[in-house]
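For reference, the structure is listed below as structure tokens.
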Amino acid sequence: MTAEYKTIVRDGLWDNNGVLAMLLGMCPTMAMTNSATNGLGMGLATAVVMAASSLLVSLFRSRITQEVRIPVFILIVASMVTLVDLCMNAWMHELYKVLGLFIPLIVSNCLPLARLEAFAAKEPVLPSFMDGLFMGAGFTLALTAIGAVREITGSGTLFSDASLLLGPAFKFMEMQLMASDKGVLMMILPPGGFLVTGLLVVGKRMLDVRAGKAIQMGGAHSAA
Amino acid sequence: MKLYPIRGGIHPEYRKELASEKAIVVLPMPHSLYIPLQQHIGAPAEVLVKEGDRVKKGQMIARSQGAVSAPQHASTSGTIKAITEVPAPHPSGLPQTTIIIEADGLDEWGELPPSIEDPFVTDPAELRARVAQSGIVGMGGAAFPAAVKLGLGAQKKLDTLLLNGAECEPYLTCDDRLMREYADEIIDGARIMARALGTPRIVIGIEENKPQAAEIMTRAAAAFPMIEVFTVPVQYPMGSERHLVQAITGLETPARKLTADLGIVVHNVATTRAVHHAVRFGRPLLARVVTVSGAAIRTPNNILTPIGARVTDLIDFCGGFVARPESIVNGGPMMGQPLSSLEAPVVKGTSGILALTAEEINDKPTSPCIRCGTCVTICPCGLSPLDMAAFIKKDKLDVSAKLGVMDCVSCGSCSWACPSHIPLVHYFNYAKGVLRDLDAETRKSDRIKSLAEVRTIRLEKAAEAKRAALAARKPAAQSATAEEKVSA
Amino acid sequence: MFVAIGSLTVMGVVLGGLLGAAARFLAVEENPLEEELKELLPGSQCGQCGFVGCSQYAAALAKGEADITLCAPGGKAVIEVLAKKLGVKADLSGHEEKGPEHAFIVEDLCIGCTRCIRECSTDAIMGANKLMHTIIVEACHGCAKCEKVCPTDAIAMVPVKVTLANWHWQKPEVEPVAHAH
Amino acid sequence: MKEYVLLMISAALVNNVILARFLGLCSFMGVTTRIDTAVGMGMATTFVITVSSMLDWGVEAFLLQPYSLGYLRTVTFILIIAAAVQFTELIVRKVSPPLFQMLGIYLPLITTNCAVLGVALLLVEGRMNFIGATLFAFASSIGYSLVMVMFAGLRERLALAEIPRMFAGPPIGFIVASLLALAFMGFSGMSAG
Amino acid sequence: MNSIKRSGPFTHSYNTVQKTMFTVLLALMPATLFNLYLFGWPAILLFCITIGACVAVEAGCLSLADRPVKQTLSDYSALLTGWLLAMSLPPWAPWWVGVLAAVFAIALAKHPFGGLGQNVFNPAMVGRTVLLVSFPVAMTAWVLPHPLFSAGAPGLVEAFAITFGGNMPDTMSSASALGYVKTELSRGIPVTQSMAQVPDLMDRMMGYRAGSLGETSAILILLGGLFLMYKRIISWHIPLSVMGSLFLIASIFNLVDPAHYASGLFHLFSGATFLGAFFIATDYVTSPVSKKGQLVFGVGCGLLIWLIRNFAGYPEGVAFAVLLMNGLSPIIDQYTRPRMFGRTSKGEPLPLSGGKL
Amino acid sequence: MKQQHMLSHGLILGVFCLGFGALLAVTDMLTAKDISARALEDRLNSLSQVIPTTLHDNNLVKDAIVMKNEHGKEITVYRATKEGQITGLAYEIFGSGYGGEIKLMLGIDATGKILGVRALAHKETPGLGDKIDAKKGDWILRFSGLSLGNPPVEKWKVKKDGGQFDQFAGATITPRGVVGAIKKGLEFYAANKEQMIDFGAPKASAKEEH
Ligand SMILES: Cc1cc2nc3c(=O)[nH]c(=O)nc-3n(C[C@H](O)[C@H](O)[C@H](O)COP(=O)(O)O)c2cc1C
Ligand SMILES: Cc1cc2nc3c(=O)[nH]c(=O)nc-3n(C[C@H](O)[C@H](O)[C@H](O)COP(=O)(O)O)c2cc1C
Ligand SMILES: Cc1cc2nc3c(=O)[nH]c(=O)nc-3n(C[C@H](O)[C@H](O)[C@H](O)COP(=O)(O)O)c2cc1C
Ligand SMILES: Cc1cc2nc3c(=O)[nH]c(=O)nc-3n(C[C@H](O)[C@H](O)[C@H](O)CO)c2cc1C
Ligand code: SF4
Ligand code: SF4
Ligand code: SF4
Ligand code: SF4
Ligand code: FES
């Protein structure tokens, strides 16, 4: 793997993580992380869409004029989302039931569009695809982590219903760590989503500081 | 006698009893007097004497220069020992040009202008000229040349001269004593000033905590129907002129305007007494009453001090220190400035010298603001000190300016009351300084911009002329230009 | 199926046309920012920012290609107004405020070469050929260009003197009980 | 009448777009550093949500439903939103330059604000009539604006606080959002009452 | 003497943060002692645990942040937060309720913001609401007063079992008035009828009712509040506007439809109205600073309390109302700054002619 | 020139729309069958929890009819038959809970005895009211076998209200809503029995779609 791809991977998974560093794609991050399984599922779906649309945008990038850039990008993302939606509904129905309303919302999830603008619209096909894929993977990672923390503290389980998402073979992942009524309910309610995300950003900072890196202070479009 | 409420304010411990019953005593003439060229707001005075000159008491030794300025006079007779840089009575301790007079002990009067027999038929302009010539500046703190203020009468329609006898600062009793001991002179001076200003009415405002002064002044004023004496509630900073005006007339002076725009001119009682001396006897402003007080002073006192005596002279006169002073303050404890050196001289605006112990100051380490809102409630100017300070702390001076930091009169109420002991006023002083600097800088850079433009135009013109000349010379210059290009 | 494809295509064409039209109407606007920025700069064309002069710096700023902290003569004040205008955070950490300076000519060293006079953009240097030169402090904005051209090192930059007139309180020190970050 | 009031309260407060439904969070975290920008963003978004929801309602009722094109919903809605945003920009610029000055910079951000699409999809899910849909969209965006402005006020305050370095910036923003969501839980169960 | 660090003033009031907090503690004392007596040993245990936990968490956070621990603890703010937090918990709640609430109050709502004075939400109320939302069962387990040493009151040993073993005897549980009226209403029993079952006004004023550990005695809380006003720690603006607006809106609706809306007096003397109005909503840090702002804040609290009590899922809304208004405080602050001297409320200089007020 | 530009933007977007529209349409065609099959499965699945599959040999969805319930809301009544005999009915019932409406599916046999009840959708508080969910507790299972007369009508209440059903600790509103809904559902059958088992009525299946 060349250095360039290494950076793409590291950026996507950690340094420039969509959720923890760029603060994009916040909505699914909050809404779909009341359990690790949901986070994982949402992350995977998003990753597929991101990889596919990055690929397409990069392919067509020379044909798209400045003025219609955004609508075309949106159209591409929306089509990919619909595609995923239809296919999931038809062939991965259990997962579809879990992710529900939020699959259509991948369309306006700011993360794919931001990556299309920032990367795929300028770079060749393969790196774009990699960027989409690993940004999506980083997104999945963050969502799963947030989901795990919320699930453990809020309901005392981990990866509950993972077998519905991934198939019966993954039953082993489902864990019951404490009695469900001992959990701090708030953690799986809206306040918990914000709280855990905030704390994970702090956690990332601490690790970064320990690794001798500078703290990233802002989100992607914090100065408007 | 209807009074109007003023906003906010505080009730600090006044501790006036330390000096209020001490009659005014005269300071024995010190060995040397240090007379700074600038004891007032405006341009410094211009020296008229040189080293070695002999001067007599009352002789003008520096004359005013510019529209807003005031002359300085020799406070006693003696020789000019030096004209040099001496630390100013100022927290920075920066030096300023000072005339040092070695007293000869004779205290010999020089030639004085004649006294004006009946000021009430004299042309106001002449009265003003006399006041200007006598070097009188406001003695209530700001030290603004009094004659300039008297000139307002010619520009605006005025109806009231307000005598400020509030003396709201803790400790200070000089105005109190002055009113008790020299009421007639004050009243006479006030009438002269009213004449100069053209105001038909004089109002005297005295805080309720000076009942004797109020009584004596009322008695002294009884003969003159144009004069009214008001006792105003004890509420710091009642002595601030805008607030005193509001308390007595109910009028609120608009921001960036003067009380004179409402037809009211405010003067300190000591200022009017100085005017009395200048007009009736031709004597310039040579001495003032200074309250020396504070728990670190052995015997607090009200001292008639020649301008130019050093602070150390006053303190020695009071028997020195009985305790370690935490701060030596020039003025009252609320608005006064810390003195960086005891060698600094007393100037025309010095109303008090306080040697304060740590217990009296009662300052504590700063803790975070708990947003108690006290500062907001008590700010007499309706500001939000906590917000202004927070923005200044984060270097957002422009926001603090928007919140009105320039409107702050530095009365100190907020700092006094803050339970977290945040140096609010210090933040504001800092911000005001920086904002003033920035202002000066923009003005300078505007000037520089125009200078640069002028230069550019000049250069362009010159280049144009050169080109024209070149073109005029000979068309065969073609090859020459080519050569030039190669070399360039 | 054909309804689907058809309606989507029609929508695409219409919207595309609309956006094209929009782009046309929106494109005409010229960037007024540059002018405004130029107003904010000192205007002395000293070139310390690394650009030819203030206009070029302003142009670069407007395009977002230059850092706002480059103008030395403008100091913190200019950085702050630029930050505000451009809606960005001024990072003053790297910017060391030296305080205002002006040039000072050591008259003993001056040989009257007039190089500095030609250099000064505000005519702040007085003197004539072969004669000693002096600086008019009020007109000098401390760009230090003259310092650089002087063949005898007769020009030094000195801080503007603190006097009673321009002294002010320093910012209070950070409170003792406040935070060690 | 009463159900419309309930619908609006529920949309604005109880099921607040940001704090309960988790929509539009990127702008919530991104453009709330100052109150005036938050107000601007709120106004612009309110306008776009209301208008595009009305259009989307029309598309749903007259195109998608009759021809069973449910699967094109996402694509058509988002195209309409993108167009509505651009169109708004055009009109505002023509009609009121001062308003454009105020809202202009926010408009492009709105296209990718999932609150807009989210509200439209919720409308379809709720099968509301036109008036209900319009009111719902409007109330939802008012709730959005309210929270944006509140949050911006809080962040302006925080800009003056001595936040520990590890928490400064986004983390403290999340914590404030969390506590705000906690406070809004006080309204939960409101529609039932 | 040559380096002068600070400008004036050179005299200061004797007011300090520590003294302020201490005075508040003093003002809380009568109500606290009376209620501890009323609810007996389990309440005393919970009270100590909660305060202890708050102080311990504060100390931990301070040392994590590298700040002077002893010096900062002595500003008593954590103690006060713990105290008020304890007063807002169900009196016989198990120990972990107090500890967890303390963690959320101090480590979540206070220190990430930078500690005293920097937080934007009321720490005690954050602690209480997090617990309420997370553990609704434990947080709505009320008991009737069992005064110390009276018959039927738990002794120290039983108290340990209640607080540490979670063995709250079912027989002792009791609904709170607000909760009772609310559930009855939800099954169609009009307020007018269910009102017969709640303790009468006199009992509720004195404090003989089920409720949070420190909220029941309106009279003693009022006493403490008046003491604070006398000491000028708080002003009348917030308490009066909270209670006034609550009373007013409740009374209006009660007049219109007494079957659905309880009376103004009932709202005043139920739940945490008094404690909230005098001690919670008045928290300096999280309420507006100007008097005008405080009135707006108070009215907002009052209306929200009524709204939540009547229409939302929770029987009581003081904590939520306070938190919601905390969230609005910065904005209220910005729009209710006092008028500057000599300027219009917009900040322009006054016109000369209009100088007269 | 400008005009052309505008057109070309339109064309670009139009072409993309055309392409992706086609892609989606094709995908829809490919998936449509599976999707409706899944939807049917879903329906049957949830039905099977309230009407055991052993009880019928017909397609419940096909034989469903649409009726108006007592609030005028349209509900689908699924009917199970075995060898032409009606063996069971399933329909949606609604209760009001703590967080709003609770949607349940009630299955009964022809005599009005409960075969099973399941919560379909609710917004009750997790950890408190959500114990009505079969996944979270067995509370909902205890209704099987009961009917309007067993227990007697006046005992169809939670214990707190003097009935026979347990409430959850700290949550009475949810169980009260559920018990009330079931009771009303049973009463609905009692009142509309004739119509519900009439096989001449128009079928609902034609209207089934997404
Ligand atoms: C807060 C504050 C307090 C003041 N207190 C007094 C005072 O007690 N006595 C006084 O004469 N001047 C006081 N002044 C100064 C007056 O505002 C005003 O400048 C003075 O009375 C004008 O008189 P003069 O020019 O004769 O000094 C105070 C000013 C401020 C800002
Ligand atoms: C300061 C304070 C705030 C409170 N806030 C709430 C609240 O927001 N929600 C709630 O259900 N209970 C809250 N409580 C608890 C209730 O006030 C109260 O204990 C309970 O509803 C019983 O009141 P009653 O006896 O008057 O019916 C709070 C208690 C205190 C002391
Ligand atoms: C946060 C919270 C959530 C609640 N959720 C539910 C719920 O889901 N179901 C319910 O019946 N009651 C719920 N309640 C209501 C109470 O627990 C309510 O007081 C109770 O239903 C009354 O019953 P009781 O008579 O057992 O006290 C909730 C209360 C709170 C404070
Ligand atoms: C009048 C008054 C009321 C207070 N009320 C509260 C309160 O309700 N909750 C709290 O945590 N602290 C309260 N405090 C203490 C203090 O303000 C609190 O610890 C800070 O909010 C922490 O930053 C109060 C303090 C005072 C002076
Ligand atoms: S010093 Fe300034 S801010 Fe403070 S109270 Fe006085 S006028 Fe107000
Ligand atoms: S008086 Fe001090 S602690 Fe109180 S609000 Fe003002 S600055 Fe803050
Ligand atoms: S450094 Fe500043 S003054 Fe000099 S040319 Fe650049 S912008 Fe102009
Ligand atoms: S530094 Fe030199 S060149 Fe620059 S303005 Fe001053 S005198 Fe002129
Ligand atoms: S993901 Fe919803 S606004 Fe960004």
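Letters A, B, ... mirror the listed sequences (proteins, then strands); counts begin at 1. Note that the coordinates shown come from a computational prediction; the quantities given were computed from them, not determined experimentally.
Proximity to chain E (any heavy atom under 4.5 Å) is shown, for Phe151(D), by neither the backbone nor the side chain. Leu158(D) touches chain E through its side chain: at least one heavy atom from C-beta onward sits under 4.5 Å away, while N, CA, C and O do not. Contacts of Asn326(E) with chain D are made by backbone atoms alone, with heavy-atom separations under 4.5 Å and no side-chain atom involved. Looking at Val130(E), the atoms closer than 4.5 Å to chain D (heavy atoms on both sides) sit in the backbone and in the side chain alike. The part of Ile175(D) that comes within reach of chain E is its side chain, from C-beta onward, which places non-hydrogen atoms under 4.5 angstrom from that chain.
No other option in Leu323(E), Leu324(E), Leu108(E) has as many heavy-atom pairs under 4.5 Å with chain D as Leu324(E). Taking Val176(D), Leu146(D), Leu160(D) one by one and counting their heavy-atom pairs under 4.5 Å with chain E, the maximum is reached by Val176(D). The candidate from Ile172(D), Ile35(D), Val149(D), Ile9(D) with the greatest count of non-hydrogen atom pairs under 4.5 Å with chain E is Ile172(D).
No side-chain N or O of Thr45(D) forms a donor-acceptor pair with one of Ser141(D) less than 3.5 Å apart. A donor-acceptor contact closer than 3.5 angstrom links the side chains of Ser77(E) and Lys110(E). Donor-acceptor pairing under 3.5 Å is lacking for the side chains of Ser287(E) and Ser329(E). Looking only at atom types and distance, the side chain of Arg155(D) has no donor-acceptor partner in the side chain of Thr33(D) under 3.5 Å away.
Annotation: Tyr67(D), atom OH; neighbour count of heavy atoms from other residues, nucleotides and ligands within 6.0 Å does not exceed 12.
Within the model, atoms CD of Glu58(E) and OG1 of Thr72(E) stand 7.5 Å from one another, a figure rounded to the nearest 0.5 Å.
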